[in-house]
*Asks:* 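Before I ask anything, here is the structure I am working with.
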Amino acid sequence: MKVEALPVVQGDFNLSNYADVAKDFDWEQAWKSLSASETGRLNAAYETIDRHAESSNKNKVALFYKDANRKETYTFYDMKRMSNKAANVFQKHTSIEKGDRLFIFLPRSPELYFALLGALKMGAIVGPLFEAFMEGAVFDRLADSEAKVIVTTPELLERVPVDKLPHLETIVLIGEEIEEKDTIIDFKKEMKEASPYFELEWLEKEDGLILHYTSGSTGKPKGVLHVQQAIMQHYQTAKWVLDLKENDIYWCTADPGWVTGTSYGIFGPWLAGTSMVVLGGRFSPDTWYETIEEYGVTVWYSAPTAFRMLMGAGDGLLKKYDVSTLRHVLSVGEPLNPEVIKWGANVFRQRIHDTWWMTETGAQMICNFGCLPIKPGSMGKPIPGVKAAIVDDNGEELPAYQMGNLALEKGWPSMMHMIWNNPEKYDSYFLKDKWYVSGDSAYMDEDGFFWFQGRIDDVIMTSGERVGPFEVESKLLEHPAIVEAGVIGKPDPVRGEIIKAFVALREDVEPSDELIADIQQFVKKGLAAHAAPREIEFKDKLPKTRSGKIMRRVLKAWELNLPAGDLSTMED
Ligand code: WTA
């Protein structure tokens with residue numbers, strides 16, 4: 001792999017070290033802000049875009065945008081002007097001030113990026129929403145955060161219960177022939193008239209940046225707030241983990257409604273001055289391969305669910321396209337099954353690099369970075385400066401190979417700063433005032449590599465044995481008939497729990513009792529007798545989140561006839 005030796009941050013990965021990193025990279029504003037004097041300030045949008053627009057990167061392409069109807073490119077200079085215009089539109093027509101919440105409810109389009117950056121220039125906290133959210137999901141997020149402004153389209157506005165949101169003052173619409181009113185602004189028309197110059201708001205490092213709502217296994221979605229200083233880690237990991245270099249063409253397939261689509265679909269790559277591809281519209285294996293070919297994508301960040309779909313689409317399709325420009329491929333969001341890594345290596349001709357992190361961590365934490373060897377099935381190691389450990393429920397560190405809570409020593413730059421309106425929830429993440437506890441279970445091997453086992457609540461206890469659902473799912477995926485698998489523990493009077501698997505079959509395979517027996521044997525032989533699913537149910541499709549995670553809690557709710565909880569993040 002073409003990766004330079006890793007720069008190692010001496011000592012802890014804390015803000016004073018980051019000031020050094022920032023100084024090295026000539027982030028004057030950021031550095032001032034983080035240095036001891038505390039005199040300087042920063043603005044994430046300035047560092048992301050304007051800094052390049054004022055450098056020799058000025059006319060470098062920042063954004064290659066494409067969907068079924070549009071194909072456009074914007075340089076860093078263009079992005080600066082368009083985001084300045086957006087900021088002027090908001091300044092003129094809304095009451096947004098520093099720290100106020102502005103939500104963006106849009107399909108991926110250049111306007112989404114102009115609006116988001118423009119709002120950041122004003123010092124607003126931006127809440128990005130997936131365009132597929134239905135009314136209830138939109139309401140929960142806008143109500144909880146007391147959002148003042150929403151930027152959306154006339155079609156999506158139907159899902160914004162305006163009358164039930166007393167704090168919502170202004171609706172900015174992106175569409176054709178918008179009838180402007182006091183509270184309704186025509187974005188395109190106003191953008192045409194707006195000035196491309198804007199005096200942006202300089203902020204403190206702990207001022208708000210992005211508010212991402214994420215759902216847990218219980219309760220309503222929680223608002224995870226990230227602050228300005230998070231960009232330090234976005235930038236550093238864009239270099240260390242994404243390995244972005246001067247001439248890369250980078251594509252992150254995630255939507256900004258998900259943290260991956262902001263941390264690594266806006267901040268990381270643009271902080272590094274990299275040209276980025278954004279593809280609008282829905283997933284299809286054809287258009288994805290085509291996009292890599294068309295733009296000559298070199299670095300690609302996607303998710304296991306997408307890789308599995310490409311795998312399912314067959315080698316024949318891949319052969320139609322030239323994807324030889326790719327040099328670095330990464331994955332996030334759920335465990336990367338060894339089977340997928342094998343496909344990557346043999347068919348796709350790429351080592352797929354796993355990266356583990358969470359909405360709450362704000363940036364990559366445990367990764368297959370740089371020159372580390374890849375151990376298929378392992379998420380890799382903590383990035384330099386991050387300390388990860390497996391701890392018990394009292395926060396005591398466990399030895400190698402013992403399964404427990406995956407925890408991180410708190411204090412990394414992109415760590416969430418609060419759960420909106422819910423300090424108790426925030427506090428509940430920490431143990432002994434030292435460990436951030438992720439809610440994932442994992443173990444560490446003797447080389448310090450971490451191996452994901454499942455969400456803590458998902459771990460199955462069957463006849464006294466702890467079984468990680470991921471391991472069973474990975475084995476199931478190796479079976480030639482299976483394309484997707486979700487595994488849960490089903491209560492059982494004798495065994496505590498038994499393993500139940502939900503599987504989706506390849507199109508040309510019919511379900512049968514023989515197939516069930518064959519799959520059970522396959523897991524018994526390949527993994528362990530106690531890990532073989534006693535029950536197997538066939539499904540056309542498994543319930544997944546928009547970021548591609550199999551929703552085991554939904555499978556469990558189906559199985560037990562219980563309410564499935566918050567479904568706002570489920571794909572259609
Ligand atoms: C899971 C995603 C295994 C994990 C940026 C975590 C992963 C949750 C991986 C966070 C990975 C994410 N291997 N599991 N490489 N990456 N997860 O907040 O359970 O959408 O706690 O953020 O996804 O999901 P979130």
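Just follow the structure's listing: the first ligand is 1, and inside any ligand the first atom is 1. Starting from 1, each residue takes its place in the sequence as its number. Predicted, not measured: the structure shown is a model, and the values here were computed from it.
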*Asks:* Looking at F452 versus W356, is the centre-to-centre ring distance below 6.0 Å?
*Replies:* no

*Asks:* Under a 4.0 Å threshold between the charged nitrogen and the carboxylate oxygen, would D458 count as salt-bridged to K556?
*Replies:* no

*Asks:* Evaluate S331 for polar contact with ligand 1, using N/O atom pairs at a separation under 3.5 Å.
*Replies:* no

*Asks:* Checking a contact table here: which protein heavy atom is nearest atom 14 (N) of ligand 1, and how many Å away?
*Replies:* F452 CE1, 3.4 Å

*Asks:* Can you tell me the protein heavy atom closest to atom 9 (C) of ligand 1 and the distance?
*Replies:* W356 CD1, 3.5 Å

*Asks:* My understanding is that only one of K342, R308, K475 makes a side-chain hydrogen bond (donor to acceptor under 3.5 Å, both in side chains) with N337; could you say which?
*Replies:* R308

*Asks:* State whether the shortest distance between N or O atoms of S438 and N or O atoms of ligand 1 falls below 3.5 angstrom.
*Replies:* no

*Asks:* Relative to Y213, does K222 satisfy both conditions: NZ or CZ under 6.0 angstrom from the six-membered ring centre, and within 45 degrees of the ring's axis?
*Replies:* no

*Asks:* Any N or O of T260 that comes nearer than 3.5 Å to an N or O of ligand 1?
*Replies:* no

*Asks:* What residue and heavy atom of the protein are closest to atom 3 (C) of ligand 1, and at what distance?
*Replies:* P335 N, 3.2 Å

*Asks:* What atoms of ligand 1 come within less than 4.0 Å of a heavy atom belonging to M358?
*Replies:* 6 (C), 10 (C), 18 (O), 21 (O), 22 (O)

*Asks:* Would you check the N or O atoms of G333, main chain and side chain alike, for any that come under 3.5 Å of an N or O of ligand 1?
*Replies:* yes

*Asks:* Looking at ligand 1, would W258 count as a contact under a 4.0 Å heavy-atom criterion?
*Replies:* yes

*Asks:* Cation-pi check, K375 to F449: give yes when NZ or CZ is under 6.0 Å from the six-membered ring centre and within 45° of the ring axis, no otherwise.
*Replies:* yes

*Asks:* How far is atom 23 (O) of ligand 1 from its nearest protein heavy atom, and which residue and atom is that?
*Replies:* K549 NZ, 3.1 Å

*Asks:* Nearest to atom 10 (C) of ligand 1 by heavy atom, W357, Y264, W451: which?
*Replies:* W357

*Asks:* State whether the shortest distance between N or O atoms of T355 and N or O atoms of ligand 1 falls below 3.5 angstrom.
*Replies:* yes

*Asks:* Please give me the minimum heavy-atom distance between A389 and W435, naming the atom from each residue.
*Replies:* CB-CH2, 3.6 Å

*Asks:* What residue among V126, L102, I266 forms side-chain contact (heavy atoms from CB on, under 4.5 Å) with L120?
*Replies:* V126

*Asks:* With heavy atoms of T359 as the reference, note each atom of ligand 1 found under 4.0 Å away.
*Replies:* 18 (O), 20 (O), 22 (O), 25 (P)

*Asks:* Hey, do the aromatic rings of H226 and H212 have their centres closer than 6.0 Å?
*Replies:* no

*Asks:* Check for a donor-acceptor pair, side chain of E497 on one end and backbone N or O of P491 on the other, with a separation under 3.5 Å.
*Replies:* no

*Asks:* Taking atom NZ of K239 and atom CG of L244, what is their separation to the nearest 0.5 Å?
*Replies:* 8.0 Å

*Asks:* To which protein heavy atom is atom 11 (C) of ligand 1 closest, and what is the distance rounded to 0.1 Å?
*Replies:* E334 O, 3.5 Å

*Asks:* For the 3.5 Å polar cut-off, considering only N or O atoms, please tell me whether D440 and ligand 1 meet it.
*Replies:* yes

